[in-house]
2 protein chains.
Amino acid sequence: MNKYSNQTRILTAIDCIIFGFDGSDYKLLLIQRGFAPEKEKWSLMGGFLQSDESLDQAANRILKKLTGLEDLYMEQMHTFSKPDRDPVERTIAVAYVALIDIQKYEQQISDKFQAHWFSMNELPHLIFDHEDMVEMAKSRLRYKAALHPILFELLPKKFTLPHLQAMYESLYETKIDKRNFTRKVLSTNMLIKEKDKDKTSSKKGAFYYSIDESKYKDQFQTVLNFIPRNEIPTANE
Amino acid sequence: MNKYSNQTRILTAIDCIIFGFDGSDYKLLLIQRGFAPEKEKWSLMGGFLQSDESLDQAANRILKKLTGLEDLYMEQMHTFSKPDRDPVERTIAVAYVALIDIQKYEQQISDKFQAHWFSMNELPHLIFDHEDMVEMAKSRLRYKAALHPILFELLPKKFTLPHLQAMYESLYETKIDKRNFTRKVLSTNMLIKEKDKDKTSSKKGAFYYSIDESKYKDQFQTVLNFIPRNEIPTANE
DNA sequence: TCAAAAGTGTTGGTTCTACACCCATGG
DNA sequence: CCATGGGTGTAGAACCAACACTTTTGA
């Protein structure tokens, strides 16, 4: 097999920005780095691309190893490449964004790995350019969630309308009228009303809803409008 | 300097999908590959990432070398990584999308390089996974252009409203009502009406317009609606 | 003089936002 | 029995899509 000559071969890392929502705050799943440099500092979950796998495979491998979870919503976000971004050795990093249901994660594993959920507004300092990655991921999430029902990936199987609304209000740091919000959300027909109620946050209790998976998939790419127009953010990057 | 051990170091390529619009058709700028394998086959403009540059720098370097153009609209799209995508040697490829004004390109160079504009619907076979890249780029362009005034990057300094409308109609393969279209476009205040007319495509002639750069930049990230709702495509990827 | 493309307003339907009160219940 | 959060309808404004005729002028 011929080879390209006189070209630079470098390391490719994969870093995962993992979002969760606990009912009132957005969270990021971070780990304490187990090796030098920056040992014990907090970082995104990451690893190196191996010779026989694609980036998607690598991202799934890494996420499974560190959280035990598979088949998550995950997509490639951006490749970071400043020559000095890793002081050890030239490395480019492909950032992936995953959205996961915190409850599922907590059932799956507890502290097998030194992973920890941090509130978005109480993040520790992160190594390398991981803070840049997080910023871009937040901005992309805000952009995308304004147009597509992507935040549903963060929800547990059963959730309430107030829970859903809190998720949008928190992401956009705004208040939304609950009558308008309910009407818009239900008009998509993506939600199925359950018979039971969540009584943990009020005496009256709020009905649970679940996702109608087939309608959800159909409509995933359609452009929605859950957020009032003037709250739509100023796009990605 | 310590190094990470036992990790795979691989080549990183940059490939550029370069869109143009000639007044009636979308075009892609392709080159005939000058080295084996697949010598003389058509391919996207590409090159390898060097040790001292970022991906953005590399993409600009490659584009300048091959077209002579600088300061183009260009953004990173996606990183392709199937292990066997390049039969010579494991290589990941970061695809960039550029939008350029064909007229500017034609002034700048002619055939210094074996580059050629192909109509989107008459593309030759491309090497490796370049056809996948083109498909993704088309789909992303359709998605993004439905929401942001990004197609303006394809226009010459002076253009007419029928020209602009043809650009949208061609991308979405649809007819748009010219009264509604004109009203929407002008209501953004991004266009400046010139005093002269383009008489090449009608006897009456159509007034030239140009971009109000500052308003364009302000509004680049706002969500527009030039395309009727039911023509908006089904999103990226 | 006529063919061919440019330019221009209105109306009806839909969608959006703003807004306030009653309901159910656990304590 | 009352405090707390859940649930629901309407009206006015804004926006959108559909629609047809007049203008200009080179050939």
Side-chain angles (χ1 to χ4, degrees), chain A residues 23-24 146-147 149 155 158-170 172 174-210 219 222-232, chain B residues 22-24 146-147 149 155 158-170 172-189 191-210 219 222-233:
Chain A
S24 48
L147 302 170
L155 293 170
K158 297 198 308 183
F159 54 90
T160 66
L161 292 178
H163 180 171
L164 184 62
Q165 183 170 342
M167 190 165 70
Y168 279 88
E169 289 183 339
S170 174
Y172 297 99
T174 185
K175 289 280 166 209
I176 304 176
D177 179 274
K178 67 180 166 177
R179 281 171 292 191
N180 293 337
F181 182 79
T182 306
R183 189 179 324 111
K184 285 180 190 178
V185 168
L186 293 180
S187 75
T188 64
N189 291 313
M190 288 187 299
L191 299 196
I192 299 167
K193 190 173 189 171
E194 302 289 330
K195 301 217 168 47
D196 51 335
K197 285 184 164 186
D198 168 26
K199 297 221 165 181
T200 58
S201 61
S202 79
K203 323 213 155 148
K204 184 177 178 183
F207 278 104
Y208 279 117
Y209 285 79
S210 60
Q219 300 205 35
T222 64
V223 170
L224 302 176
N225 186 21
F226 293 163
I227 309 296
R229 279 217 205 301
N230 52 12
E231 300 290 341
I232 292 181
Chain B
D22 69 359
S24 49
L147 301 170
L155 294 169
K158 296 198 309 184
F159 54 89
T160 66
L161 292 178
H163 180 170
L164 184 63
Q165 182 171 343
M167 191 165 69
Y168 279 89
E169 290 183 338
S170 173
Y172 297 99
E173 293 172 340
T174 186
K175 289 279 165 207
I176 303 175
D177 179 275
K178 68 181 165 177
R179 281 171 291 191
N180 293 337
F181 182 79
T182 306
R183 187 180 325 109
K184 285 180 192 179
V185 168
L186 293 180
S187 75
T188 65
N189 291 314
L191 299 196
I192 299 166
K193 190 172 189 170
E194 301 288 328
K195 301 217 169 47
D196 50 338
K197 286 184 164 187
D198 168 27
K199 297 221 166 183
T200 58
S201 61
S202 80
K203 323 214 157 150
K204 185 178 179 183
F207 278 104
Y208 280 117
Y209 285 80
S210 60
Q219 300 203 37
T222 65
V223 171
L224 303 176
N225 186 21
F226 292 164
I227 308 296
R229 277 214 207 303
N230 52 11
E231 300 290 342
I232 292 181

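Below, chain A is the first sequence line, B the second, and so on; all start at residue 1.
Computed from coordinates, the B:Leu164 CG to C:dA6 P distance equals 13 Å when rounded to whole Å. The separation between B:Lys178 atom NZ and C:dA4 atom C1' is 10 Å, rounded to whole Å. What separates NZ of A:Lys175 from P of C:dC19 is a distance of 16 Å, to the nearest Å. Atom NZ of B:Lys184 and atom P of D:dC16 are 6 Å apart (whole Å). The CD atom of B:Gln165 sits 9 Å away from the P atom of C:dA6 (whole-angstrom rounding). Rounding to whole angstrom units, OH of residue B:Tyr208 and C1' of C:dG7 are separated by 17 Å. For the pair A:Phe159 CZ and D:dG6 P, the interatomic distance rounds to 15 Å; values are reported in whole Å. D:dG9 atom P lies 12 Å from atom CG of A:Leu186, rounded to whole Å.
For residues 196-206 of chain A, proximity to DNA chain C is found at A:Lys199, A:Lys203, A:Lys204, defined as any non-hydrogen atom under 4.0 angstrom from a strand atom.
Judged purely by atom type and a 3.5 angstrom limit, A:Gln219 has no side-chain atom pairing as donor or acceptor with the backbone of A:Met190.
Aromatic ring orientation, A:Tyr168 versus A:Tyr172: parallel (interplanar angle below 30°, classes split at 30° and 60°).
With sequence neighbours excluded, no residue forms a side-chain hydrogen bond (donor to acceptor under 3.5 Å, both in side chains) with B:Lys197. By the side-chain contact (heavy atoms from CB on, under 4.5 Å) test, B:Gln165 is found to be paired with B:Glu169, B:Ile176, B:Lys178, B:Phe181, residues two or more places apart in sequence or in another chain being considered. Considering only residues two or more places apart in sequence or on other chains, A:Thr200 meets the side-chain hydrogen bond (donor to acceptor under 3.5 Å, both in side chains) condition with A:Asp198. For A:Arg183, the side-chain hydrogen bond (donor to acceptor under 3.5 Å, both in side chains) criterion is met by A:Asn180, not counting sequence neighbours.
In this structure, A:Asn180 does not reach the C:dA18 phosphate: none of its side-chain N or O atoms is under 4.0 Å from OP1 or OP2. Side-chain N/O atoms of B:Asn225 include none lying less than 4.0 angstrom from OP1 or OP2 on D:dC15.
Nearest nucleotide to the side chain of A:Arg183, out of C:dG7, D:dG9, D:dG6: D:dG9.
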Report, one line per pair, each donor and acceptor closer than 3.5 Å where one atom sits in a side chain of residues 202-210 of chain A; sequence neighbours left out.
residue	atom	partner	partner atom	Å
A:Ser202	OG	A:Gly205	N	2.8
A:Ser210	OG	A:Glu194	OE2	2.7

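Between the side chain of A:Arg179 and the base of C:dA20 there is at least one donor-acceptor pair of N/O atoms closer than 3.5 Å.
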